[in-house]
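Below is a structure I'd like to ask you about.
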Amino acid sequence: MYIDSLKKTTTLSGRACRKEFWFSWLCNTVAFIVVFMILVFLQSMFQPPESAVMIIYALVWVVFVFLNFSVSVRRLHDTNHSGLYLILGVLIPPIGPFILLIAFLLKGTPGENKYGPNPRL
């Protein structure tokens, strides 16, 4: 399931079921922590220039943010919401993340919706 999610990373169309969404977030978070720990270890061993380390950390962070952004948009599509709902988390800081969490927890639209066929079929 995670491999299928990775294959769909470059597309923001389609739908992602709850299981795919939460499993992707879990795997991405664990992978990010592992990569971050490896980078910290390598930094302590080889003492590279600080600017090079910051660039590598930034690139790794951008990759994982995009992975989670992609699956989040597809999860919102499954609940028949636009991916623009992710902006709620930024525009309404105290309430927006909770609205998104509720949308991510909702059961997907049964059957086909305007974003595509049911991903569970």
Side-chain angles (χ1 to χ4, degrees):
M1 178 179 297
Y2 183 64
I3 300 299
D4 289 338
S5 180
L6 286 177
K7 288 178 184 176
K8 296 185 236 175
T9 296
T10 58
T11 179
L12 298 177
S13 62
R15 296 166 62 177
C17 63
R18 284 184 288 191
K19 186 176 180 181
E20 178 185 350
F21 172 77
W22 290 111
F23 191 70
S24 292
W25 264 85
L26 174 68
C27 289
N28 289 339
T29 302
V30 169
F32 179 76
I33 291 169
V34 168
V35 169
F36 187 78
M37 289 172 56
I38 290 170
L39 289 173
V40 168
F41 173 75
L42 291 175
Q43 181 184 3
S44 67
M45 294 292 293
F46 299 110
Q47 301 294 323
E50 190 69 27
S51 60
V53 172
M54 294 310 291
I55 290 171
I56 292 171
Y57 286 150
L59 290 173
V60 168
W61 182 81
V62 165
V63 167
F64 284 102
V65 164
F66 189 74
L67 290 171
N68 286 337
F69 175 76
S70 174
V71 76
S72 296
V73 168
R74 288 186 279 113
R75 178 69 196 127
L76 287 170
H77 287 175
D78 190 41
T79 60
N80 210 18
H81 294 96
S82 169
L84 293 175
Y85 268 59
L86 287 175
I87 296 174
L88 288 174
V90 177
L91 294 179
I92 313 170
I95 303 168
F98 292 110
I99 294 171
L100 287 173
L101 179 63
I102 291 169
F104 293 146
L105 291 171
L106 289 174
K107 189 173 184 178
T109 306
E112 190 168 327
N113 68 14
K114 64 183 176 181
Y115 298 104
N118 192 339
R120 296 193 55 102
L121 301 176

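One-based numbering along the sequence shown. Scope of the values below: all heavy atoms of this structure, side chains included, with no hydrogens, waters or symmetry mates.
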Original post:
Side-chain contact, heavy-atom cut-off 4.5 Å: Leu105 with Trp22?
Top reply: yes
Subject >> Rounded distance [0.5 Å steps], CD in Glu20 versus CZ in Arg74 >> reply: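 Output value for this atom pair is 5.0 Å.
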Original post:
Do Ile92 and Leu76 share a hydrophobic cluster (ILVMFWY, side-chain heavy atoms under 4.5 Å, transitive)?
Top reply: yes
**OP:** Please round to the nearest 0.5 Å and tell me the distance separating atom SG of Cys17 and atom CZ of Arg120.
**Re:** 5.5 Å
**OP:** Without swapping roles, check the side chain of Ser70 against the backbone of Leu12 for a donor-acceptor pair under 3.5 Å.
**Re:**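 Absent.
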**OP:** Indicate if Val71 and Phe23 have the same hydrophobic cluster label, given that clusters are the connected sets of ILVMFWY residues with side-chain heavy-atom separations under 4.5 angstrom.
**Re:**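 No; tracing contacts between hydrophobic side chains, which count when under 4.5 Å, never links both residues.
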Original post:
Are Val73 and Leu101 connected in a single hydrophobic cluster, I mean Ile/Leu/Val/Met/Phe/Trp/Tyr linked by side-chain heavy atoms less than 4.5 Å apart?
Top reply: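 The answer is yes; both residues are in one hydrophobic cluster.
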Original post:
Is there a side-chain contact between Tyr115 and Asp78 (heavy atoms, below 4.5 Å)?
Top reply: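 Answer no - side chains too far apart.
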**OP:** State yes or no: do Val30 and Val40 share one hydrophobic cluster built from I, L, V, M, F, W and Y residues joined by side-chain heavy-atom distances below 4.5 Å, directly or via other members?
**Re:**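 No.
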Side-chain atoms of residues 56-69: list all donor-acceptor pairs with protein atoms under 3.5 Å, sequence neighbours left out, distances to 0.1 Å.
{"from": "Tyr57", "atom 1": "OH", "to": "Gln43", "atom 2": "OE1", "distance (Å)": "2.9"}
{"from": "Asn68", "atom 1": "OD1", "to": "Asn28", "atom 2": "ND2", "distance (Å)": "2.7"}

Original post:
Any side-chain heavy-atom pair from Leu39 and Val53 closer than 4.5 angstrom?
Top reply: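 No - every pair of side-chain heavy atoms lies 4.5 Å or more apart.
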**OP:** Could you list the residues that satisfy side-chain hydrogen bond (donor to acceptor under 3.5 Å, both in side chains) with Ser13, not counting sequence neighbours?
**Re:** Thr11
Subject >> ring pair (Phe, Tyr, Trp, His ring centres under 6.0 Å) partners of Phe98, counting only residues at least two apart >> reply: none
Subject >> Spacing of CG belonging to Leu100 relative to CZ belonging to Arg75, to within rounding of 0.5 Å >> reply: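 Reported value, rounded in 0.5 Å steps: 12.0 Å.
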**OP:** Considering non-hydrogen atoms only, spot the tightest contact between Thr79 and Thr109 and give its length.
**Re:**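 Taking Thr79 first and Thr109 second, the nearest heavy atoms are C-OG1, 3.7 Å.
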Subject >> Donor-acceptor pair, side chain of Arg15 and main chain of Pro119, under 3.5 angstrom >> reply: no
Subject >> Closest non-hydrogen atom pair between Cys27 and Tyr2, with its separation >> reply: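 Smallest interatomic distance, heavy atoms only, reads CB-CE1, 3.5 Å.
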Original post:
Say you draw a straight line from CD1 of Ile99 to CG of Leu86; how long is it, rounded to the nearest 0.5 Å?
Top reply: 12.5 Å
Original post:
Would you say Met45 and Phe36 are hydrophobically clustered, going by side-chain heavy atoms of ILVMFWY under 4.5 Å?
Top reply: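 Result: no, two separate clusters.
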Subject >> Reported OG-to-NZ distance for the pair Ser5 and Lys19, which is rounded to 0.5 angstrom >> reply: 13.0 Å
**OP:** Looking only at non-hydrogen atoms, find the nearest pair between Leu106 and Arg18 and report the distance.
**Re:** O-CD, 3.5 Å
Original post:
Going by the angle between their ring planes, with limits at 30° and 60°, are Phe21 and Trp25 parallel, tilted or perpendicular?
Top reply: tilted
